[in-house]
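Working notes for the structure below.
In what follows, chains are A, B, ... by sequence order, proteins preceding strands, each numbered from 1. Just so you know, these numbers come straight off a predicted model, no measurement behind them.
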Number of protein chains: 2
Amino acid sequence: MELNQTAYLILGILSLHPRQSGYHIRKTVESSVGYFWGESYGQIYPTLKRLAAEGLIVPCGPVGQKRAQEYSLTPAGQVCLQEWLALPWREDPPRNEFLLKLFFGVEAAPGVPTAHLRAFQQKLRALLATLTGLEKLARQHNAEQPGFPYWMLTLTYGLAQIRAALEWSESALELLTSLEAAPHPPSAIPDSTATGL
Amino acid sequence: MELNQTAYLILGILSLHPRQSGYHIRKTVESSVGYFWGESYGQIYPTLKRLAAEGLIVPCGPVGQKRAQEYSLTPAGQVCLQEWLALPWREDPPRNEFLLKLFFGVEAAPGVPTAHLRAFQQKLRALLATLTGLEKLARQHNAEQPGFPYWMLTLTYGLAQIRAALEWSESALELLTSLEAAPHPPSAIPDSTATGL
DNA sequence: ACACACATGTAATTGGTTACATGATTTC
DNA sequence: GAAATCATGTAACCAATTACATGTGTGT
């Protein structure tokens with residue numbers, strides 16, 4: 001009974017908010033852990049079936065007039081979630097395409113790294129706005145929930161990372177613009193004997 | 001001619017250091033961009049073949065007595081790399097299992113989130129040591145290379161992120177330990193009518 | 001009537017990891 | 001002679017995305 005990350009995500013989400021459909025789960029994910037976790041319907045629906053088949057969740061008829069098939073955790077599902085939570089998390093392979101393009105910046109056409117950096121800043125600012133908004137909402141509506149402190153921790157983590165990235169981006173932009181003002185100085189002749197890194 | 005990220009990584013690496021074998025490329029990746037990019041041999045070797053078939057790199061007999069098949073960029077490969085560099089980077093779906101487990105922390109057995117947090121700190125400290133070491137090496141051996149400023153930018157980004165994460169982790173640990181001292185206070189009765197987030 | 005959000009699902013594809021298999025070369 | 005590292009590759013598998021297909025309910 002090996003489950004994938006999506007399965008545990010679903011168990012976790014259902015542990016916080018029972019009686020959710022696939023569609024609803026997706027929305028919840030987006031608006032709560034969306035800044036550090038993504039899921040697609042193509043992954044959610046099959047996983048729901050599978051979790052139900054394994055008895056970790058049960059379909060429970062939709063409340064009211066909505067047509068959506070809702071699910072809730074079973075005791076087995078709760079146990080399963082708990083066990084997973086205690087396991088060491090696995091580092092998924094880091095891949096940052098922005099950094100990769102920046103790393104190869106010297107090979108790029110003039111102005112390209114700077115443009116990327118500005119786009120990066122834009123994204124950071126947008127994300128910062130989203131997270132501060134989320135924070136406000138959470139404080140207003142969820143401050144009494146038992147999970148609240150944990151939710152805030154992930155939020156403050158995100159905020160700390162974004163702020164650090166923004167600060168870095170400012171100095172990085174300065175450096176890049178000064179680089180472009182005084183470009184690779186002496187030679188157009190590449191040094192093919194260079195060693196190392 | 002759609003290429004995957006691995007292909008561009010290889011082109012980029014070969015643009016910095018020509019005449020590398022698959023094995024060598026992997027090592028270079030590990031020691032230069034390893035903290036934000038991972039690659040496996042199972043991906044590198046087939047991609048090398050493919051890049052060669054498309055004329056973006058050429059196999060060039062190994063220099064000296066080594067048996068390894070080495071490759072270099074072709075002009076077409078350089079163009080291809082340049083084009084890719086100018087394209088907007090794609091955000092790969094964020095997935096942070098550590099944060100996810102922390103987010104569901106209230107469901108975990110006592111002490112589990114704290115343990116995860118400590119493990120997180122350990123990893124951060126190890127990474128910090130690696131990066132500061134890398135930084136020193138780079139300054140010593142690569143300060144004159146044209147790509148140096150860009151390499152340093154990615155490094156300082158990593159360092160900034162790690163430092164911010166470490167600071168966060170300190171306050172997070174404080175919060176968690178105080179939480180454990182005074183656990184979910186009033187009720188063992190879960191509030192099933194709770195709304196929101 | 002039209003558009004939009006709600007809601008569920010499948011198929012194709014890909015991108016990638018892991019494990020396995022193999023053998024040469026170097027170093028102790 | 002053994003062990004470690006250099007070196008290359010393949011096969012199996014998987015997790016996940018994307019695009020596609022479909023239909024309902026709600027609001028304008």
Nearest-angstrom distance from the residue atom [atom1] of [X] to [atom2] of [N]:
| X | N | atom1 | atom2 | answer |
| --- | --- | --- | --- | --- |
| B/Glu70 | D/dA7 | CD | P | 9 Å |
| B/Tyr71 | D/dA7 | OH | P | 13 Å |
| B/Gln69 | D/dA7 | CD | P | 12 Å |
| B/Arg50 | C/dG15 | CZ | P | 8 Å |
| B/Asp92 | C/dG15 | CG | P | 13 Å |
| B/Gln20 | D/dA7 | CD | C1' | 14 Å |
| B/Leu9 | C/dG15 | CG | C1' | 14 Å |
| B/Tyr8 | C/dG15 | OH | C1' | 14 Å |

In terms of side-chain geometry, is the basic nitrogen of [X] or [Y] positioned less than 4.0 Å from the acidic oxygen of its partner?
| X | Y | answer |
| --- | --- | --- |
| B/Arg95 | A/Glu39 | yes |
| A/Arg139 | A/Glu135 | yes |
| A/Arg125 | A/Glu170 | yes |

ask   = Do any side-chain nitrogens or oxygens of A/Lys49 fall under 4.0 Å of OP1 or OP2 in C/dG9?
value =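 A/Lys49 to C/dG9 OP1/OP2: side-chain N or O found under 4.0 Å.
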ask   = Are any of A/Tyr23's side-chain N or O atoms less than 4.0 Å away from OP1 or OP2 of C/dT8?
value =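 No, because none of the side-chain N or O atoms of A/Tyr23 sits under 4.0 Å from OP1 or OP2 of C/dT8.
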task = Keeping the roles fixed (side chain from B/Lys136, backbone from B/Leu131), state whether a donor-acceptor pair exists under 3.5 Å.
result =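 Absent.
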request  = Determine the minimum heavy-atom distance between A/Leu81 and A/Leu11, stating which atoms define it.
outcome  =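 For A/Leu81 versus A/Leu11, the nearest heavy atoms are CD2-O, 3.9 Å.
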Pairing residues for A/Phe98 by the ring-ring contact (aromatic ring centres under 6.0 Å, His included) criterion, not counting sequence neighbours =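 If we apply the ring-ring contact (aromatic ring centres under 6.0 Å, His included) test to A/Phe98, skipping adjacent residues, the hits are A/Phe120, B/Trp89.
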Polar atom pairs (N or O), protein with nucleotides 16-22 of chain D, under 3.5 Å:
residue	atom	partner	partner atom	Å
D/dA16	OP1	A/Gln5	OE1	3.0
D/dA16	OP1	B/Arg95	NH1	2.0
D/dA16	OP2	A/Thr6	OG1	3.2
D/dA16	OP2	A/Gln43	NE2	3.0
D/dA16	O5'	B/Arg95	NH1	3.3
D/dT17	OP2	A/Ser40	OG	2.7

query = Using a distance-only test with no angle check, is there a side-chain donor-acceptor pair under 3.5 angstrom linking A/Gln69 and A/Ser21?
reply =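 A/Gln69 vs A/Ser21: no donor-acceptor pair found between side chains.
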ask   = Which nucleotide in the set D/dA7, C/dT8, C/dC6 lies at the smallest distance from any side-chain heavy atom of A/Ala68?
value =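 The answer is C/dT8.
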